[in-house]
Structure formats: C-alpha cells, structure tokens
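Heads up: the structure comes next, in structure tokens.
Predicted model, so just to flag it, every value in this text is computed and none were measured. Values below: all heavy atoms of this structure, side chains included; hydrogens, waters and symmetry mates excluded. Positions are given from 1, in the same order as the sequence printed here.
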Amino acid sequence: MILNAASRSLRQTVLRRTAVASNNAGARRLMSTPVTPIPPNILQAWYNIFGKTTAGYATWLAFGIVFTEAITGSFSDGIWSMNNRGRTFDSVDWTKFKTEDDDDDDDDDDDDDDDEDDDDDDDDE
C-alpha cells in the first residue's frame, strides 16, 4: 500500500514535469517568431545612424536623457503649480496687499530729515 502511494506520487510528478516541459516548448515556438511594434526598416535606419558607433549611441543617449528630463520636468512642474495655485510668489494677487499712502509716508520722512539737519546747524552758531 505504501509502495502504491509512492509510485502514484512519482507518476504524478513525472506527468506534471512533462506537461510543464511541453508548455515551455510551445512558448519557445511562439517566442521564436519576432514580433516588434516598430517596423524593421525604421530599426535598421536608427541603427545605421546611431547604433553603429559608440559616439553615435552616446549622442542618442545624451539627447534622449535631456529630452525625457525636459518632458517629465515640465509635467511635474505643471502638476506642482496646479496644486499650489495662489500659494506661490508668481500666483499671488499682489494688488490685494498694496496700500495707497506708503509712497506719501516716505516723502514726508525725507522732508523731516531735512528740517532736522537745518536745526542742528542753527544751534552751533
């Protein structure tokens, strides 16, 4: 009885491994046919321009990184500005804080300073 259970377990394990192996073979067959979202003639043109030399590939990477950073940076700046509307220096309505008599006070202070200087000169004589 124990031997029958052990042999049944061994048979099931072998059958499972055979099924997995046959599924992998089918997957390999599907993977052997290349499916690319980019047409081969475009890939060949890219390779002829950028992929053949290290300098060309480095140039591709540099421009690609700068371009991608500019796009993602402007996207994240836009989201940040949208979430902080009215809280930043650029988006505050500064006309709400302007007072009319600020300029007049500065002029009056300047006139008072001139009068004090004249009074000091009179005391010395």
Side-chain angles (χ1 to χ4, degrees):
M1 205 170 212
I2 294 176
L3 289 176
N4 286 338
S7 65
R8 243 182 289 137
S9 174
L10 181 63
R11 263 187 275 144
Q12 289 174 350
T13 303
V14 169
L15 289 174
R16 264 190 247 124
R17 287 185 182 171
T18 306
V20 169
S22 67
N23 286 342
N24 286 342
R28 276 191 215 112
R29 268 186 263 121
L30 289 175
M31 291 174 55
S32 65
T33 57
V35 177
T36 58
I38 302 171
N41 57 350
I42 293 175
L43 291 175
Q44 185 65 39
W46 178 89
Y47 180 78
N48 288 335
I49 296 169
F50 298 109
K52 278 188 175 180
T53 64
T54 303
Y57 189 67
T59 302
W60 168 262
L61 286 177
F63 282 116
I65 290 168
V66 169
F67 177 75
T68 305
E69 175 62 29
I71 296 297
T72 57
S74 64
F75 179 72
S76 61
D77 284 347
I79 290 175
W80 190 88
S81 295
M82 182 178 62
N83 287 329
N84 292 302
R85 176 96 27 223
R87 297 182 189 136
T88 61
F89 184 80
D90 294 335
S91 63
V92 170
D93 184 14
W94 292 106
T95 59
K96 294 178 182 178
F97 301 104
K98 187 175 181 180
T99 58
E100 294 299 323
D101 59 329
D102 282 343
D103 294 334
D104 296 336
D105 289 341
D106 291 338
D107 292 339
D108 291 341
D109 290 341
D110 291 339
D111 293 340
D112 293 340
D113 291 338
D114 292 339
D115 292 338
E116 290 175 8
D117 289 339
D118 291 339
D119 292 337
D120 290 338
D121 291 338
D122 292 337
D123 291 336
D124 293 335
E125 293 178 8

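Residues forming a side chain to side chain donor-acceptor pair (under 3.5 Å) with Thr88 (at least two apart in sequence, or on another chain): Ser91. Asp93 pairs by the side chain to side chain donor-acceptor pair (under 3.5 Å) definition with Thr95, not counting sequence neighbours. Applying the ring pair (Phe, Tyr, Trp, His ring centres under 6.0 Å) test to Phe89 and every residue at least two apart in sequence or in another chain returns Trp94. For Thr68, the side chain to side chain donor-acceptor pair (under 3.5 Å) test picks out no residue, with sequence neighbours left out.
Chaining together hydrophobic side chains whose heavy atoms lie under 4.5 Å apart places Ile42 alongside Ile38, Leu43.
Put simply, Ile49 and Phe63 are part of two different groups of oily side chains (I, L, V, M, F, W, Y) that touch within less than 4.5 Å, one to the next.
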Would you be so kind as to tabulate the donor-acceptor pairs closer than 3.5 Å made by side chains of residues 79-86, with sequence neighbours excluded?
unit_1: Ser81; atom_1: OG; unit_2: Asp77; atom_2: O; d: 3.0
unit_1: Asn83; atom_1: ND2; unit_2: Ile79; atom_2: O; d: 3.3
unit_1: Asn84; atom_1: ND2; unit_2: Trp80; atom_2: O; d: 3.0

Throw together a table of side-chain donor-acceptor distances under 3.5 angstrom for residues 50-59, partners on residues two or more places apart or in other chains.
unit_1: Thr53; atom_1: OG1; unit_2: Gly56; atom_2: N; d: 3.0
unit_1: Thr59; atom_1: OG1; unit_2: Ala55; atom_2: O; d: 2.8

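How far OG1 of Thr72 is from CZ of Phe67: 10.0 Å, rounded to the nearest 0.5 Å.
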